[in-house]
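Scope of the values below: all heavy atoms of this structure, side chains included, with no hydrogens, waters or symmetry mates.
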Amino acid sequence: MVSSGKGFTLHRVHLHSSWVDGGAARHDSEGFGLYDLTVADGRIAAIAPSTDDSAGAENDMRRRVVMPAFIDCHTHLDKGHIWPRKPNPDGSFPGALEAVGADRMTNWSAADVEARMEFALKCAWAYGTRAIRTHLDSLPPQETISWPVFEMMRERWAGRIDLQAACLFGIDSARDEAWFDNLVARVKAAGGVLGAVTYMVPDLDELLDRMFRAALDHGLELDFHADETDAVEAVSLRRIAEAAARHGYDGRILIGHCCSLARQPDAEVLRTLDAVAARNISVVSLPMCNMYLQDRRSDGATPRWRGVTLLHEMKARGINVCVASDNTRDPFYAYGDLDMIEVYRMATRTIHFDHPVADWPKTVLANPARAMGLDDSYGKLAEGGPADFVICEGRSWTEVLSRPESGRIVVRNGAVVDRALPAYEELDRLME
Ligand SMILES: [Zn+2]
């Protein structure tokens with residue numbers, strides 16, 4: 001369908017107002033305009049409104065949606081795919097924490113982490129993802145194992161998937177100052193992001209101060225898991241924003257989950273949103289993992305809330321909002337395959353990214369690119385930019401989001417890529 005030579009034009013593709021600049025074409029009520037997209041030497045040479053001559057031309061895409069390659073700003077490549085050897089015993093958050101901890105201590109050698117990361121990246125590549133941030137469990141001795149593997153993988157995948165990593169540990173571990181300083185040095189040396197899971201521990205503010213001081217001293221960005229719980233008293237999102245203000249920290253901060261915000265009274269919510277909007281904070285919701293873990297009831301009852309945070313209210317205040325994969329086939333989420341179309345489909349259904357769709361597609365495109373500090377070429381289609389995009393089968397939102405899009409075509413650097421997914425069998429040898 002797409003010619004493999006130096007250049008080609010895709011006629012009559014549907015591009016959405018949230019990812020194409022210019023808007024020279026007329027866009028329909030869903031935001032789609034009909035364009036001809038010309039690729040030369042791996043880049044987008046031209047984006048022009050389709051003309052009557054385009055119909056029936058070679059590579060007439062007949063209104064198929066073309067999306068920019070995806071940006072996945074919150075994943076756990078180090079945990080992925082351990083489910084067959086370490087399932088979550090009861091589907092709960094404590095069950096996940098306990099199971100992952102036990103598996104990490106027993107099985108996470110460099111070879112094990114590498115094999116599972118490689119598998120996950122092959123999947124992300126096949127689905128059309130261009131950049132990923134992963135968290136890396138960094139409790140001793142895992143930080144000495146996973147960070148070198150990550151640096152090797154980043155090198156191996158350079159030019160295909162841009163990789164970033166953030167360290168991950170319960171913030172109470174930062175009480176051990178010597179260990180914390182060592183970890184900061186390791187993260188800095190690897191060009192990583194300083195991250196932690198916040199809990200409502202009594203010394204939370206002091207520990208946050210320690211993290212912000214380290215970030216300022218070493219020029220690091222920050223990434224937190226916050227309030228992944230239904231407990232109304234969990235307000236670490238606001239505590240992080242207040243710490244940023246206290247330290248005058250203007251670097252990028254990405255905060256994931258923030259589930260409890262959806263359970264709090266309006267006055268509390270407004271206070272938190274004010275504090276967050278005042279700083280350089282992006283928020284990422286993880287709808288698949290949240291639906292799986294939140295409101296899991298031990299008495300066989302049905303869950304009653306969705307687990308996701310208040311993205312509509314955040315967006316209305318100008319906060320940069322994203323959605324991402326989070327866990328894949330590990331005790332925190334039994335399913336998932338780093339497919340950002342699946343994530344966007346789930347987000348649409350769970351968080352109501354519709355009526356109107358507006359610019360919600362940016363939550364898997366330009367917004368996470370901004371949260372990760374990637375340049376302007378990420379998450380959009382523009383003349384002169386890289387020809388990195390996904391040709392969907394669907395021609396409208398209802399078509400794109402109703403089927404798995406297993407027939408999508410992924411184009412990277414102007415060439416169609418092999419979309420074969422790795423067989424699960426490849427990991428069997430690790431699951432004994
Ligand atoms: Zn996470």
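- We find that R304 and D295 are not joined by a salt bridge, their nearest charged nitrogen and carboxylate oxygen being 4.0 Å or further apart.
- Residues E114 and R156 are paired through a salt bridge, judged by an N-O separation under 4.0 Å between the basic side chain and the carboxylate.
- Checked against the 6.0 Å centroid threshold, H74 and H135 count as a close aromatic pair.
- For the pair R296 and Y292, the cation-pi test (distance below 6.0 Å, angle within 45°) is passed.
- Checked against the 6.0 Å centroid criterion, the rings of F70 and Y127 do not qualify as a close aromatic pair.
- The aromatic ring centres of W397 and Y344 sit less than 6.0 Å apart.
- Ring orientation note: the planes of H247 and F212 are close to parallel, at an angle under 30° on the 30°/60° scale.
- Among all heavy-atom pairs drawn from K380 and D21, the shortest one is CD-OD2, 3.9 Å.
- For the pair R12 and Y35, the cation-pi criterion (under 6.0 Å, within 45° of the ring axis) is not fulfilled.
- Each of L254, V276, N320 was evaluated against I281; a single residue qualifies, V276, per the side-chain contact (heavy atoms from CB on, under 4.5 Å) test.
- Using cut-offs of 30° and 60° on the angle between ring planes, the pair F169 and W179 is perpendicular.
- Relative to the six-membered ring of W157, K122 misses at least one condition, a distance below 6.0 Å or an angle of at most 45° to the axis.
- H27 and F32 have their aromatic ring centers separated by at least 6.0 angstrom.
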(request) Check the pair H14, R395 against side-chain hydrogen bond (donor to acceptor under 3.5 Å, both in side chains), reporting the backbone distance first and the verdict last. (result) CA-CA 7 Å; H14 252 170; R395 302 164 300 171; over 6 Å; no
